[in-house]
Amino acid sequence: MTSPETPSVFRPPVNRSMKVLDRSFFQKVIPLSAASVSNVKLLGQIRKDLERSGELLRLAMIKPLMDDDSNPGAKCFLLSLGIKTDDPSTWSPTLTQLIESEAARLRPYDLKLTYDDWTMHDILEATLPELPEDEKETPGGFAAVGHVAHINLRDIYLPYKHFIGQVLLDKNPMITTVINKTYDVGTESVFRTFPYEVLAGPDDLDVTVHESQCEFRFNFGKVYWNTRLGTEHARLWETFHEAEAVCDVMAGVGPFAIPSGKKKVFVRANDLNPFSYASLQDAITRNKVDDFVTASCQDGRLFIRQATADLASSPRSVSIVPKLKVSRNASEAEKTRAREMADADTKIYQEPRLFDHYVMNLPASAVEFLDAFRGIYHGREAEFTPHTPDRKLPLIHLYLFQAKHETEKEEHDEICTRISFFIGAEVSQTDTALDLEIRYVRNVAPNKKMYCASFRIPSSVAFDELPLLESLAKLNLEDKDKSQG
C-alpha cells in the first residue's frame with residue numbers, strides 16, 4: 001500500500017509523538033465482505049469475474065485470496081469497500097449471480113492489519129511531523145550500498161532519526177545497517193568520504209557491491225561510491241574499444257577501470273586515497289583483469305604525466321590462449337593437435353604507446369588538474385595527425401560540478417570558460433577539432449548539476465615546448481619580475 005493511493009480506512013493509526021518504535025501500536029481491524037468458495041476448481045474463473053465487476057479488493061501487499069477459517073478447505077476472496085454482506089443492493093449482477101448459483105457464499109470478514117502489512121512510507125507518514133504541502137517530504141528515500149542504506153535527513157527529522165532508521169531496517173530485508181551522513185561528501189575530506197552516524201544495525205560498512213557484472217569490496221566509510229552513477233559509469237566505459245589505452249586519473253575503487261579491463265581495454269588506474277587504492281587492487285584480482293588493469297596511488301597531476309611517459313616506454317602485450325578442449329583419454333597426437341589449434345587461435349593484444357582516453361572523475365576539483373596536460377606530448381607531434389593518419393589527440397572525460405543558470409547554454413558556456421582557464425587554451429563548442437561534448441549527468445543539489453565534458457587535448461597544450469614544471473617556473477619568474485618592476 002502506498003499512502004497517497006490508499007483509502008484512509010486502510011492506513012495505519014497515527015501517532016506523531018512516537019520517537020521509539022512500538023510495533024504493537026500499528027494494528028487495525030477492518031470489516032469487509034468476502035466471497036467464500038468451497039470448490040477450489042472454480043477459483044480462477046470467479047477471480048476473473050470479480051476483477052471484471054470491480055468488486056475484488058485491490059490493495060498492494062494485501063492478497064485478496066485468503067483461507068476461509070469458517071469453512072475448512074475453502075477459500076475466500078476479499079471484496080472492496082461498500083459491498084455489504086446483508087445488503088444485496090450493494091452487489092453487482094456478477095456477484096448476485098455467483099451467490100444465487102451457490103458458486104460462492106457471501107460472509108463477513110475482519111481484515112486484521114499489523115505493522116508487517118504496512119510499507120515504510122505508510123509508517124513514516126503516520127508518525128513524522130506534518131508539514132505544509134509545499135514542504136512535505138517523507139524521508140523514506142535512501143541509497144543502498146551493499147547491505148548499507150545511507151540517508152540525508154533534514155533538520156526537522158533529526159529527533160526521529162533512530163526511529164526512521166529502524167523502520168527502514170525493518171522494511172528492507174537486504175539492509176542490515178542504516179547510516180545518516182552528517183556532512184556533504186567532500187566537505188571534510190579530499191577523498192570524498194563523509195562523517196556519519198549509525199541509525200540502526202551494527203556499525204559495519206564493509207560492503208560487497210556488484211556493478212556491470214563486476215564485484216567490488218570496500219569500506220563505504222573510507223572510500224567514495226555512488227550507486228546512482230552506475231548508468232553513467234557504463235555509458236562511458238562502453239565507448240572504449242578493445243585494446244585501447246585509458247588513463248583513469250581518479251579511479252576510486254574502479255567502476256570505470258574494472259569493466260573496461262573485462263572488455264580487454266588497457267587501463268592504468270590511480271587514486272590518491274590509500275583505501276581506494278587497496279580496494280582497486282582487490283577488484284583487479286577479484287575480477288581477473290590483472291593483464292589489462294594496473295593500479296597506482298599518487299597525486300593526479302604526477303600520475304597523468306608519469307603514466308603517459310610509462311606507456312610510451314613500456315607498453316604491455318597480452319596473449320589470450322583459448323582453453324584446450326580435449327578428452328582426458330585422447331592420444332598424444334590428438335593432444336598435440338589440440339595445442340597447435342589453440343596456439344593458432346591465440347589472440348595477442350598490444351597496448352598502444354598513446355592513451356586514447358583520460359578519465360577525470362573528481363567533480364569537485366578535477367578541472368584544476370588540467371594544467372598537467374601542458375606539454376605532455378611535446379616532441380611527439382609525429383605520432384599524431386596529420387603526420388600519423390587516424391591518430392587524433394586523446395580525449396579527456398572531465399567530470400565537474402556546475403551551478404545552475406537560466407539556460408543550459410549558459411551552463412555550457414561557463415563550463416567551457418572554466419576548462420579554458422585551467423588548461424590554458426580556448427576550448428569552445430565551435431572548435432570542431434576538439435570533438436567537444438558536454439553531457440548532463442545528474443542534479444546533486446537544488447542549484448548544482450554534475451556534467452561530463454569530453455574533449456580532445458588542444459594541440460597548443462599537448463605540444464607546448466615547455467613541460468609543466470618549466471611552464472610553472474616561467475610563470476613564477478614573470479610574476480616576480482612584475483612585482484619588482
Side-chain angles (χ1 to χ4, degrees), residues 244-251 266-272 294 296-316 351-362 365-400 415-438 452-482:
E244 283 189 333
V246 173
C247 182
D248 194 352
V249 186
M250 298 96 171
F266 290 97
V267 184
R268 299 190 182 220
N270 173 73
D271 202 276
L272 185 61
T294 60
S296 297
C297 182
Q298 61 185 113
D299 173 77
R301 282 186 180 83
L302 295 177
F303 178 72
I304 289 170
R305 301 187 74 81
Q306 182 175 321
T308 302
D310 289 346
L311 180 62
S313 62
S314 55
R316 292 166 290 176
E351 186 177 26
R353 296 180 67 250
L354 298 163
F355 282 118
D356 298 277
H357 307 268
Y358 290 86
V359 180
M360 303 178 70
N361 182 27
L362 189 65
S365 60
V367 68
E368 299 171 14
F369 288 72
L370 291 176
D371 55 11
F373 291 99
R374 180 158 297 280
I376 196 165
Y377 289 109
H378 173 63
R380 301 179 65 183
E381 292 84 348
E383 299 179 57
F384 298 94
T385 55
H387 309 288
T388 300
D390 301 323
R391 171 49 84 172
K392 295 182 178 180
L393 281 160
L395 281 166
I396 297 173
H397 305 284
L398 174 72
Y399 287 88
L400 72 171
I415 288 171
C416 288
T417 299
R418 293 165 63 200
I419 292 173
S420 300
F421 174 80
F422 285 105
I423 205 166
E426 184 179 359
V427 173
S428 70
Q429 298 179 81
T430 58
D431 188 346
T432 56
L434 298 180
D435 294 331
L436 173 64
E437 179 188 10
I438 300 176
C452 177
S454 297
F455 58 95
R456 297 195 181 279
I457 305 174
S459 58
S460 63
V461 172
F463 304 135
D464 193 311
E465 63 179 355
L466 293 176
L468 173 67
L469 295 180
E470 293 182 31
S471 296
L472 293 176
K474 181 181 177 183
L475 288 173
N476 288 335
L477 287 173
E478 289 176 351
D479 291 341
K480 186 177 180 181
D481 291 340
K482 287 178 182 177

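Side chains are part of it too, since the values below use all heavy atoms of this structure and drop only hydrogens, waters and symmetry mates.
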Undergrad: With heavy-atom distances below 4.5 Å as the criterion, would you say the side chains of Phe266 and Arg316 are in contact?
TA: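 Phe266 reaches Arg316 side chain to side chain.
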
Undergrad: Can you give the donor-acceptor pairs under 3.5 Å from side chains of residues 423-432 to other protein atoms, not counting sequence neighbours?
TA:
| residue | atom | partner | partner atom | Å |
| --- | --- | --- | --- | --- |
| Ser428 | OG | Thr430 | OG1 | 3.0 |
| Asp431 | OD1 | Ala433 | N | 3.2 |

Undergrad: Do Val246 and Val359 touch side chain to side chain, with heavy atoms closer than 4.5 Å?
TA: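 Contact flag for Val246/Val359 side chains = yes.
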
Undergrad: Give the intermediate values and the outcome of salt bridge (Lys or Arg N to Asp or Glu O under 4.0 Å) for residues Asp371 and Arg301.
TA: CA-CA 8 Å; Asp371 55 11; Arg301 282 186 180 83; 2.9 Å; yes

Undergrad: Quick one: does Phe463's side chain get under 4.5 Å of Leu393's, heavy atoms only?
TA: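 Yes, side chains in contact.
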
Undergrad: Could you go through Glu244 and His357, starting from their C-alpha distance and side-chain angles, then the distance that decides it, and tell me whether this counts as side chain to side chain donor-acceptor pair (under 3.5 Å)?
TA: CA-CA 8 Å; Glu244 283 189 333; His357 307 268; 3.0 Å; yes

Undergrad: What distance do Leu370 atom CG and Ser420 atom OG have between them, rounded to the nearest 0.5 Å?
TA: 9.5 Å

Undergrad: How far apart are the closest heavy atoms of Arg268 and Ser314, and which atoms are they?
TA: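 Arg268 and Ser314 have their closest heavy atoms at NH2-O, 3.3 Å.
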
Undergrad: Quick check on Phe422: does its CZ atom have over 12 non-hydrogen neighbours (other residues, nucleotides or ligands) under 6.0 Å away?
TA: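 Enclosed: over 12 neighbouring heavy atoms sit under 6.0 Å from CZ of Phe422.
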
Undergrad: Give a yes or no answer on whether the side chain of Thr388 reaches the backbone of Thr385 with a donor-acceptor pair at less than 3.5 Å.
TA: no

Undergrad: Testing the basics here: between Pro394 and Phe355, what is the closest heavy-atom pair and its distance to 0.1 Å?
TA: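 The answer is CG-O, 3.1 Å.
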
Undergrad: Kindly determine whether Tyr358 and Ile376 satisfy side-chain contact (heavy atoms from CB on, under 4.5 Å), including the steps that lead there.
TA: CA-CA 12 Å; Tyr358 290 86; Ile376 196 165; 4.0 Å; yes

Undergrad: Which one of Arg391, Lys392, Arg456 satisfies the salt bridge (charged side-chain N to carboxylate O under 4.0 Å, His left out) criterion with Asp356?
TA: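 The single option meeting the salt bridge (charged side-chain N to carboxylate O under 4.0 Å, His left out) with Asp356 is Arg391.
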
Undergrad: Go through the structure and list residues passing ring-ring contact (aromatic ring centres under 6.0 Å, His included) with Phe369, not counting sequence neighbours.
TA: none

Undergrad: For a quick test of reading the model, state the closest non-hydrogen atom pair linking Ile415 to Ala453 and the distance between them.
TA: CG2-CB, 4.3 Å

Undergrad: Got a sec, which residues hit side chain to side chain contact (heavy atoms under 4.5 Å, CB included) with Glu383, two or more places apart in sequence or on another chain?
TA: Arg353, Leu354, Arg380

Undergrad: For Met360 and Met250, work out which heavy atoms get closest and say how close.
TA: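 Residues Met360 and Met250, closest heavy atoms: CA-SD, 3.8 Å.
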
Undergrad: Is the shortest heavy-atom distance from the side chain of Ile438 to the side chain of Phe455 under 4.5 Å?
TA: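 The answer is no, as the side chains (C-beta and beyond) never meet within the 4.5 Å cut-off.
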
Undergrad: Might you work through the side-chain contact (heavy atoms from CB on, under 4.5 Å) test for Asn270 and Asp248, ending with a clear yes or no?
TA: CA-CA 6 Å; Asn270 173 73; Asp248 194 352; over 6 Å; no

Undergrad: Are Arg418 and Glu368 side-chain neighbours, meaning at least one heavy-atom pair lies under 4.5 Å?
TA: no

Undergrad: Check whether any side-chain heavy atom of Ser454 lies under 4.5 Å from a side-chain heavy atom of Asp435, and answer yes or no.
TA: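 Sidechains of Asp435 and Ser454: no contact.
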
Undergrad: Are the side chains of Phe421 and Val367 in touch, meaning some heavy atoms are under 4.5 Å apart?
TA: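 Answer no - side chains too far apart.
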
Undergrad: Ile457 and Tyr377: which non-hydrogen atoms are nearest, and at how many Å?
TA: CD1-CE1, 4.2 Å

Undergrad: Where is the tightest heavy-atom contact between Leu436 and Cys416, given as atom of each residue plus distance?
TA: CD2-SG, 3.7 Å

Undergrad: Walk me through whether Leu302 and Asp299 qualify under side-chain contact (heavy atoms from CB on, under 4.5 Å).
TA: CA-CA 6 Å; Leu302 295 177; Asp299 173 77; 4.0 Å; yes

Undergrad: Go through it in stages, so that I can follow the logic: the residues are Ile419 and Leu398, the test is side-chain contact (heavy atoms from CB on, under 4.5 Å), and I'd like the CA-CA distance, side-chain angles, deciding distance and then a yes or no.
TA: CA-CA 9 Å; Ile419 292 173; Leu398 174 72; 3.8 Å; yes

Undergrad: Would a 4.5 Å heavy-atom cut-off, applied to side chains only, mark Thr294 and Val267 as touching?
TA: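 SC-SC contact between Thr294 and Val267 ruled out.
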
